[in-house]
*Asks:* 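My questions will all concern the structure given below.
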Amino acid sequence: MKKSGSRLSDKGQIGWIAVLVFCTICTLIPLLFALSLSFRTQSSIFDPALFNPDMTIGNYIKAISDNPTIMNNFIASLTIALVSTVFTVLFSSMAVFGFSRKGVKGKILMYNMIMCALMVPISALVIPLTQMNSKMGLLDNYFGLILPYIALNIPYAVTILQGFMSGIPIDLEEAATIDGCSTPGLYTKIVMPLLKPGIVVVAIWTFLTCWNEFFLALCTMSKDVTRTLPLIAQQYKGVYFSAPGILFAILILITIPMIVFYIIVQKQFVKGMTSGAVKG
């Protein structure tokens, strides 16, 4: 019986491995095809084959030479994403601490209003936000994207951190209070360290979201120096001009920093998600 059970277990494991391999292949094929297109010449760009022998690195050379401000664009994207992530984590963790532990008047109403923001797509807010940025003089300004990104990412961050906050024993805070710990001390010395798994998840998600955002950046940044990286690809696709090879080369260049970033933090991301699943 033991041998039969072990065989069934091995077959089940092999089946799951086969399913995961199939899903991985399905996920990677579009990415490999995009990578293949970035190395193709104009004459072979529409070949439906996954790999084409007519390859060139000219698309990457052209993409970099056509955009002398690409380093400025990279710095713009990095600065906006980092600042937005830091303040999103700070404000959302403070909000969750207040909602969960402090008797703030109207906190239920405020929490529900924050949750309602999750239902509104960013495409519905682009025009109002652009008008506000125009009136405040924030067009072609980093803060024209940083402030909206913080506001738009806080609802998701609060949702994630609220689950982690509910898993923190209140006895720890009561004991620290008895020992003379102040409210800022509770937040910095007790709450923040215990919220670390959730903070990692929120930080990674927020950074990736801000890095890849396109619509609001398109309406806010018009100068070559202040544009974010996703906006560079727009100039290679239009009614009167199309350069698919260069377009995909730009897209690959934009994607590489994110792939490197995720490879570095994937363990912390998975650990944070699984920790939230257990606590939630």
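Since the model is a prediction, treat every value here as computed from it, not as a measurement.
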*Asks:* Count I, L, V, M, F, W, Y as connected when their side-chain heavy atoms are under 4.5 Å apart, and connections chain through other members. Are I160 and M119 then in the same cluster?
*Replies:* no
*Asks:* At what distance, to the nearest 0.5 angstrom, does CG of L247 lie from CD1 of I232?
*Replies:* 12.0 Å
*Asks:* Assess whether atom CD1 of I57 is packed by more than 12 heavy atoms of other residues, nucleotides or ligands within 6.0 Å.
*Replies:* no
*Asks:* Are there over 12 heavy-atom neighbours, none belonging to F87, within less than 6.0 Å of that residue's CZ?
*Replies:* no
*Asks:* Side chain of Q131, backbone of K135: donor and acceptor closer than 3.5 Å?
*Replies:* no
*Asks:* May I ask you to test the I17-Q13 pair for a side-chain heavy-atom distance under 4.5 Å?
*Replies:* yes
*Asks:* List in chain and number order the residues that pass salt bridge (charged side-chain N to carboxylate O under 4.0 Å, His left out) with D47, two or more places apart in sequence or in another chain; answer none if no residue qualifies.
*Replies:* none
*Asks:* Where do V83 and V86 land on the side-chain contact (heavy atoms from CB on, under 4.5 Å) test, with the steps shown first?
*Replies:* CA-CA 5 Å; V83 175; V86 169; 5.9 Å; no
*Asks:* Which atom names give the shortest non-hydrogen contact between T255 and L251, and what distance separates them?
*Replies:* OG1-O, 2.7 Å
*Asks:* Looking at side-chain heavy atoms only, is the closest gap between S77 and P257 below 4.5 Å?
*Replies:* no
*Asks:* According to the salt bridge (charged side-chain N to carboxylate O under 4.0 Å, His left out) rule, which pairs have a member within residues 246-258, sequence neighbours left out?
*Replies:* none
*Asks:* Show, in sequence, the C-alpha distance, side-chain angles and deciding distance for L229 and I70, and conclude whether the side-chain contact (heavy atoms from CB on, under 4.5 Å) test is met.
*Replies:* CA-CA 8 Å; L229 281 177; I70 192 169; 4.1 Å; yes
*Asks:* Taking only distance into account, with no hydrogens and no angle test, what donor-acceptor pairs under 3.5 Å do side-chain atoms of residues 91-99 form with protein atoms, sequence neighbours excluded?
*Replies:*
residue: S92; atom: OG; partner: T88; partner atom: O; Å: 2.6
residue: S92; atom: OG; partner: V89; partner atom: O; Å: 3.3
residue: S93; atom: OG; partner: V89; partner atom: O; Å: 2.8
residue: S93; atom: OG; partner: L90; partner atom: O; Å: 2.9
residue: S93; atom: OG; partner: Y187; partner atom: OH; Å: 2.6

*Asks:* Got a sec, which residues hit ring-ring contact (aromatic ring centres under 6.0 Å, His included) with F74, two or more places apart in sequence or on another chain?
*Replies:* W211
*Asks:* Applying side-chain hydrogen bond (donor to acceptor under 3.5 Å, both in side chains), can you list everything that pairs with T130, at least two apart in sequence or on another chain?
*Replies:* none
*Asks:* What pair of heavy atoms forms the shortest contact from V202 to T206, and how long is it?
*Replies:* O-OG1, 2.7 Å
*Asks:* List the atom pairs, donor and acceptor, that lie under 3.5 Å between side-chain atoms in residues 20-32 and the rest of the protein, sequence neighbours left out.
*Replies:*
residue: T24; atom: OG1; partner: L20; partner atom: O; Å: 2.7
residue: T27; atom: OG1; partner: C23; partner atom: O; Å: 2.8

*Asks:* Can you pull the ring-ring contact (aromatic ring centres under 6.0 Å, His included) pairs that have at least one residue in residues 114-153, sequence neighbours excluded?
*Replies:* none
*Asks:* Linking I/L/V/M/F/W/Y whenever any side-chain heavy atoms sit under 4.5 Å apart, do L118 and V158 land together?
*Replies:* yes
*Asks:* Using only atom types and a distance under 3.5 Å, with no angle test, would you say the side chain of T220 pairs donor to acceptor with the backbone of L139?
*Replies:* no
*Asks:* Might you confirm whether atom CE of M113 has over 12 heavy atoms from other residues, nucleotides or ligands at distances under 6.0 Å?
*Replies:* no
*Asks:* If hydrophobic clusters are built from ILVMFWY residues whose side chains come within less than 4.5 Å, do I252 and M71 share one?
*Replies:* yes
*Asks:* If you look only at pairs with a residue in residues 29-40, which of them pass as a side chain to side chain donor-acceptor pair (under 3.5 Å), with sequence neighbours excluded?
*Replies:* S36-R40, S38-Y60
*Asks:* Carefully, step by step, assess I263 and M258 under the rule side-chain contact (heavy atoms from CB on, under 4.5 Å).
*Replies:* CA-CA 8 Å; I263 290 174; M258 289 298 92; over 6 Å; no
*Asks:* Strictly by salt bridge (charged side-chain N to carboxylate O under 4.0 Å, His left out), give each pair with a member in residues 65-92 just once, sequence neighbours left out.
*Replies:* K62-D66
*Asks:* Would you compute the distance between atom CG of L145 and atom SG of C210 and round it to the nearest 0.5 angstrom?
*Replies:* 9.0 Å
*Asks:* Would you compute the distance between atom CG of L195 and atom CG of L161 and round it to the nearest 0.5 angstrom?
*Replies:* 6.0 Å
*Asks:* Suppose the criterion is salt bridge (charged side-chain N to carboxylate O under 4.0 Å, His left out): which pairs have a residue in residues 80-96, not counting sequence neighbours?
*Replies:* none
*Asks:* Is there a side-chain contact between M132 and L147, using heavy atoms and a 4.5 Å cut-off?
*Replies:* no
*Asks:* Should I246 and I256 be regarded as members of a common hydrophobic cluster, given that ILVMFWY residues are connected when their side-chain heavy atoms come within less than 4.5 Å of each other, either directly or indirectly?
*Replies:* yes
*Asks:* Find the distance between CD1 (I75) and OG1 (T69) and round it off to the nearest 0.5 Å.
*Replies:* 10.5 Å
*Asks:* Taking side chain to side chain donor-acceptor pair (under 3.5 Å) as the criterion, tell me which of T56, D54, N52 meets it with T41.
*Replies:* D54
*Asks:* Report whether I61 and I254 are members of the same hydrophobic cluster (ILVMFWY, side-chain heavy atoms less than 4.5 Å apart, transitive linking).
*Replies:* yes
*Asks:* With a 4.5 Å heavy-atom cut-off, do N73 and T228 have their side chains touching?
*Replies:* no
*Asks:* Can you tell if the side chain of N153 reaches within under 4.5 Å of the side chain of S84, non-hydrogen atoms only?
*Replies:* no
*Asks:* Who pairs with D140 by salt bridge (charged side-chain N to carboxylate O under 4.0 Å, His left out), at least two apart in sequence or on another chain?
*Replies:* none
*Asks:* Only one of L253, N59, L37 passes side chain to side chain contact (heavy atoms under 4.5 Å, CB included) with F248; say which it is.
*Replies:* L37
*Asks:* Could you list the residues that satisfy side-chain hydrogen bond (donor to acceptor under 3.5 Å, both in side chains) with N133, not counting sequence neighbours?
*Replies:* none
*Asks:* Please lay out, stage by stage, how L208 and F261 fare under the test side-chain contact (heavy atoms from CB on, under 4.5 Å).
*Replies:* CA-CA 9 Å; L208 294 176; F261 173 72; 4.0 Å; yes
*Asks:* What's the separation between atom CG in N72 and atom OG1 in T79, rounded to the nearest 0.5 Å?
*Replies:* 10.5 Å
*Asks:* Heavy atoms only: give me the nearest L231-A217 pair and the separation to one decimal.
*Replies:* CD1-O, 3.5 Å
*Asks:* Got a donor-acceptor contact below 3.5 angstrom from the Q42 side chain to the S44 backbone?
*Replies:* no
*Asks:* How long is the straight-line distance from CD1 of I199 back to CD1 of I204, given to the nearest 0.5 Å?
*Replies:* 12.0 Å
*Asks:* Is the shortest side-chain heavy-atom distance between T226 and N141 below 4.5 Å?
*Replies:* no
